[in-house]
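Reckoned from all heavy atoms, side chains included, excluding hydrogens, waters and symmetry mates.
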2 protein chains.
Amino acid sequence: MNEIDHATEAAWTALMTKSRVLLEAVETSLKSAGYPPLAWYDALLELEKAGPDGLRPFELKDRILLPQYGTSRLLNRMVKAGLVDRQDCLEDGRGQNISISEKGKSVRRAMWPIYERVLSERIGAKLKPKDAAQLATLLSRL
Amino acid sequence: MNEIDHATEAAWTALMTKSRVLLEAVETSLKSAGYPPLAWYDALLELEKAGPDGLRPFELKDRILLPQYGTSRLLNRMVKAGLVDRQDCLEDGRGQNISISEKGKSVRRAMWPIYERVLSERIGAKLKPKDAAQLATLLSRL
DNA sequence: CATATGTCGATGCATTGGCATCTATATATG
DNA sequence: CATATATAGATGCCAATGCATCGACATATG
């Protein structure tokens, strides 16, 4: 089997279109409020969830779906911006531990209302919770 | 209203994750088969659908969801690769007409089986047509 | 222990993308 | 018609990304 049916194509097209439009809406809102891109939020959130021990870069990259070099550079920028702390890893001489700083926490907290507002307007207002849940379920099967 | 419910958040997360993973799968397949990125396919398809008169760049940009400067540069590369032809626009001295070349048509045709295979494996095999249609419908409401 | 192989993270190089701005032409307005 | 404003498309500058590869350390294998 290889030919795709019309519904598959429609789902793909809608998936690409809407994800791009929504992502751009989020990015635009964050930027115009003076905040960093969404990728920074994702990284900050994962680091905050990981607790005070933080994460190794290779662990983080799997959670934020960024390539190894992309994660390396993102962390550089975030260190420079003072949002995360980098320290040498004791158990593994090659590695390092990344943890969120207080400033990082506060930036993440400040970004959330902006982010949430877009999601609320663009998704919450358009789909009842049941439909949103159904959407999530269908997507999770991909 | 501004607080988002759990289902909205789950839908958003799944939307971001799956769209990125699927897109990357498509891009990887195309690249490893020696073809250009998906954006080129999209542009070629729109130009082919537009017929022999082709499209003005500003028309194309709306259909492929690219910023003006992105479209300008994409077209540069595609002209250089010989996939599209650019000619001055008669009705508007500022503008130009872009049309797909024979080579462009054949490249698009050759890309499709690669593209389709990924969609088939990643979507068609996972969702019955009815579910895919349901997914498309839910997404279309966003 | 010595060597081969694997994993972690960084980086040089080239390509792509974002932003602001420019030129040229078109259209509107007095 | 003269001037102001708007639109089409290109581009300089800088930042971000992709790719390949590197150096450092870790682990497996003889």
Nearest-angstrom distance from the residue atom NZ of B:K61 to P of D:dA8: 7 Å

Mark yes or no for a side-chain to base donor-acceptor pair under 3.5 Å between B:Q96 and D:dA8, with no hydrogen or angle criteria applied. no

The test is side-chain contact (heavy atoms from CB on, under 4.5 Å); show your working for B:R108 and B:L47 and say whether it passes. CA-CA 11 Å; B:R108 195 201 65 75; B:L47 290 169; over 6 Å; no

Heavy atoms only: give me the nearest A:A43-A:L74 pair and the separation to one decimal. CB-CD2, 4.1 Å

Report whether A:W40 and A:Y69 are members of the same hydrophobic cluster (ILVMFWY, side-chain heavy atoms less than 4.5 Å apart, transitive linking). no

When rounded to whole Å, the CG to P distance for the pair B:L23 and D:dG18 reads 11 Å

Minimum heavy-atom separation for B:L142 and A:K18, please, with both atom names. O-NZ, 2.7 Å

Give A:D92 one of three labels, base, sugar-phosphate or nothing, depending on what nucleic acid heavy atoms sit under 4.0 Å from its own. sugar-phosphate

Assuming nearest nucleotide by heavy-atom distance, tell me which of A:K31 and B:L90 is located more 5' along DNA chain C. A:K31

Starting at atom CZ of B:R73, determine the distance to atom C1' of D:dA16, rounded to an integer number of angstrom. 13 Å

Between P on D:dT11 and CZ on B:R94, what's the gap in Å once rounded to a whole number? 17 Å

Which ILVMFWY residues can you reach from A:L65 by hopping between side chains whose heavy atoms are under 4.5 Å apart? B:V21

What is the distance from atom CD of A:Q96 to atom CD of A:Q87, rounded to the nearest 0.5 Å? 10.0 Å

Closest non-hydrogen atom pair between B:A110 and B:P113, with its separation: O-CD, 3.2 Å

For the side chain of B:E27 and the backbone of B:P37, is there at least one donor-acceptor N/O pair under 3.5 Å apart? no

Considering only heavy atoms, which members of residues 35-46 of chain A lie under 4.0 Å from some atom of DNA chain C? none

Where each residue is assigned the nucleotide of DNA chain D containing its nearest heavy atom, which of A:Q68 and B:R86 is assigned the position nearer the 5′ end? B:R86

Measure the CZ-CD distance between B:R117 and A:E3 for me, rounded to the nearest 0.5 Å. 11.5 Å

Looking for any heavy atom pair under 4.0 Å, which part of the strands does A:G70 touch: base, sugar-phosphate only, or nothing? nothing

Rounded to whole Å, how long is the line connecting atom OH of B:Y69 with atom P of D:dA16? 13 Å

How close or far is atom P of D:dA10 from atom CE of B:M78, stated in whole angstroms? 14 Å

B:R20 CZ to D:dT17 P: how many Å, rounded? 10 Å

With heavy atoms of chain B within less than 4.0 Å as the criterion, where does contact along DNA chain C begin and end? C:dT16 to C:dA26

Expressed as a whole number of angstroms, how long is the span from B:R77:CZ to D:dT11:P? 14 Å

